[in-house]
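Following: one structure in structure tokens, then a few remarks.
Order of the sequence lines sets the chain letters (A, B, ...), proteins ahead of strands, with each chain counted from 1.
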Amino acid sequence: MEKIDPRALEREKHQKKEGLRDLPGDTSKVVLRFAPNPNGPLSIGHSRGVVINSKYAENYDGKIVLRFDDTDTRVKPPLVEAYEWIEEDFEWLTGRSADIVVRASERMPIYLDRAEKMISEGHGYVCQCGAEEFRGFRESKTDCPCRDREIVESLEDWKTMNSGKMKEGDAVVRVRTDMSLPNPALRDWPALRIQHLPHPTVGDKYKVWPLLDFQSAVEDHEQGVTHIIRGKDLMDSTRKQTLLYEHFGWKYPETLYWGRVKVHEFGGFSTSGMSSSIISGEYSGWEDPRLPTLRALRRRGFEAQSLIDFWGEIGLTQKDISISMQTVESFNSKIIDKICERRFFVSNPVPIEIQSENKPNEAKIARHPDGEIPGMRKWEIDNLIFIQESDFIQGKLRLKDFADIEITGSDAEIEGEQRSDDRPIIHWLSEKISREARMFVPEGGEMRELVGLIEDFELRVGEVYQFERVGFARLDRIDNDVVELIWLHG
RNA sequence: GCUCCUGUGGUGUAGUACGGUCCAUCAUUCCGGGUUUUCAUCCCGGCGACCCGGGUUCAAAUCCCGGCAGGAGCACCA
């Protein structure tokens, strides 16, 4: 009887399934891709794509392609520096570089060749209807006049388009689907259009450029992509591209989607929106701590792992979600609390004169309270100390790791070094160790600035410290002897 | 208008393909308590949810029908 496992009698509680769900289809040689537009650096929204795709690549021992979708020179033109920024952001986040990096703009011959083939096989045609005009045909499910022209005529127009003799907007290459399709988005969708504006990296060599749906479809096939994971706003892209794949006789990759993501603290933002706010001077640059770019988060002191943990917890769902940075901060705290040294930062300092004659002349405070980082911070103590204005009272206080004091006016008497009662414990600074500091706190679109004194003990630029009773902040730089800190979180 | 996606606590998420083991999982927030010479970390406890209405069934978060709500696409942007 006693051999029966007693646990078998207990009611089993359901467990939360951990990790990402399995990828569908053939997973023997997985190839994934992350395809941003290089019109700015990566933001927190992009990080979901990077994290999820690279996690799957890791899980299945597959490959990940970083592809720059840079075939638009007019509406969202590429930013030359952004290619490099994105590669840096990708590496920061995943700890490695992508297996393959491709720029769509450098693969133009492949797309143009494919387009010509499509036209000559009758699966596509050159359409010279205006955008408005075609909208009417699409809505009324009627064929446009260009649709029934001979293939040779389309081919001739195709050559004219490429020669540069046709103006932008005069013609477009469409994929022949079916104008009576129930979903209007799929009816003879546009695949390539004319652009005369030079491309920032390849110049004015090409006059006809593919749109996303065509370029992406062809390139995914070229790279042997097996699984596409993208936003569900691109569901119709999948349907359009599937039609194209049928024309070409290719097998479309397995496709998974995530829903729309909003971040409470940042509201609605877009790369192009941020770009114009930076140009107008509203923000100092892409690294402005108020921005949701990965560069800004990195500058504030977020660990890449916090984002990996965060997106892993959210997983891959098609729900439109509204997330809070608080959750990311919580993951970050768990990581950095163990590795950050402690320091004091006294904002709005109030000077206090210690009157006691036999005061100790040195303070020793642990670098880390749990001994995760061994060693002590040692300071000299003179008679002059500073405490934070918000802590300033008339009465009894304990200067953390130093002494019990009683304040009268702006003088203080040391009552003893040992803690003698449960009076409030505050952080403080000796004048000998104080250095002027400013802490920048991003608050929505504003930047609050706290002026105060920092504990000048082995400070290093780029390091994240936990300021006791204040919170985490990163030492951004030292300007004219003034230490500049950027607030991370509590 | 047409096409499509999604609805589980404050915010996310597990469970939904094969209905019972779910008086519904876990994280985060919030509240309370403990450890701590930080208002940090850590530990313990608590509050809090299956969009609505029908139907099928002994039994529905799960299946069916009908609503409703939110989001997306229908760009010569990505």
Exercise. Would you sort out whether Glu415(A) and Arg423(A) count as a salt bridge (charged side-chain N to carboxylate O under 4.0 Å, His left out), showing the intermediate values?
Key: CA-CA 12 Å; Glu415(A) 298 189 316; Arg423(A) 65 184 69 191; 2.7 Å; yes

Taking only N and O in the side chain of [X], is any of them less than 4.0 Å away from OP1 or OP2 of [N]?
X	N	answer
Arg187(A)	rU3(B)	no
Thr71(A)	rA78(B)	yes
Lys334(A)	rA27(B)	no
Thr317(A)	rU13(B)	yes

Which nucleotide, [options], lies nearest any side-chain atom of [X]?
X	options	answer
Ser322(A)	rU37(B), rU29(B), rG12(B)	rG12(B)
Ala185(A)	rC74(B), rC26(B), rA72(B)	rC74(B)
Arg21(A)	rG15(B), rC77(B), rG12(B)	rG15(B)
Asn37(A)	rU11(B), rU37(B), rA78(B)	rA78(B)
Asp233(A)	rA72(B), rU37(B), rG70(B)	rA72(B)
Asn183(A)	rG73(B), rU11(B), rG71(B)	rG73(B)
Lys319(A)	rU3(B), rG7(B), rC26(B)	rG7(B)
Arg239(A)	rC76(B), rG71(B), rC4(B)	rC4(B)
Leu212(A)	rU28(B), rA78(B), rC26(B)	rA78(B)
Phe331(A)	rU29(B), rA27(B), rC5(B)	rA27(B)

Quiz item: What is the nucleic acid contact for Pro182(A), judged by heavy atoms within less than 4.0 Å: base, sugar-phosphate only, or nothing?
Solution: sugar-phosphate

Exercise. Would you classify Gln318(A) as touching base, sugar-phosphate or nothing, given that sugar-phosphate means primed atoms plus P, OP1 and OP2, and contacts are heavy atoms under 4.0 Å?
Key: sugar-phosphate

Quiz item: If you draw a 6.0 Å radius around NZ in Lys141(A), do more than 12 non-hydrogen atoms from other residues or ligands fall strictly inside?
Solution: yes

Quiz item: Quick one: does Arg398(A) reach the base of rU37(B) with a side-chain donor-acceptor pair under 3.5 Å?
Solution: yes

Self-check item: Side-chain donor/acceptor of Glu372(A) to base of rU41(B), under 3.5 Å
Solution: no

[N] [atom2] sits how many Å from [X] [atom1], rounded?
X	N	atom1	atom2	value
Lys16(A)	rA14(B)	NZ	C1'	6 Å
Trp258(A)	rC4(B)	CH2	P	23 Å
Phe214(A)	rA78(B)	CZ	C1'	17 Å
Lys76(A)	rC76(B)	NZ	P	14 Å
Tyr257(A)	rG73(B)	OH	C1'	12 Å

Please report the distance separating the [atom1] of [N] from the corresponding atom of [M], rounded so that it comes out in whole Å.
N	M	atom1	answer
rC44(B)	rU35(B)	C1'	11 Å
rU8(B)	rA14(B)	P	11 Å
rG48(B)	rU11(B)	P	16 Å
rU28(B)	rG70(B)	P	32 Å
rC77(B)	rA72(B)	C1'	15 Å
rC50(B)	rG66(B)	P	24 Å
rC31(B)	rA24(B)	C1'	23 Å
rG67(B)	rA78(B)	C1'	36 Å

If we ignore angles and hydrogens, is there a donor and acceptor under 3.5 Å between the side chains of [X] and [Y]?
X	Y	result
Trp189(A)	Thr177(A)	no
Glu219(A)	Gln215(A)	no
Thr238(A)	Tyr257(A)	yes
Asn37(A)	Asp72(A)	no

Practice problem: Look at the rings of Phe302(A) and His489(A) and say which category their plane angle falls in: under 30° parallel, 30 to 60° tilted, over 60° perpendicular. | Solution: tilted

Quiz item: Angle class for the Tyr245(A)/His221(A) ring planes (parallel below 30°, perpendicular above 60°, tilted otherwise)?
Solution: perpendicular

Quiz item: Are Phe345(A) and His427(A) close enough that their ring centres sit under 6.0 Å apart?
Solution: no

Quiz prompt | Neighbours of RNA chain B within residues 190-200 of chain A, by heavy-atom distance under 4.0 Å | solution = Pro190(A), Arg193(A)

Self-check item: Residues in contact with RNA chain B, drawn from residues 335-342 of chain A - heavy-atom cutoff 4.0 Å
Solution: Asp337(A), Arg342(A)

Does [X] come within less than 4.0 Å of [Y], counting only side-chain N to carboxylate O?
X	Y	answer
Asp421(A)	Lys396(A)	no
Glu132(A)	Arg135(A)	yes
Glu455(A)	Lys400(A)	no

Quiz prompt | Torsion-based syn/anti label for rA17(B), 90° from 0 as limit | solution = syn

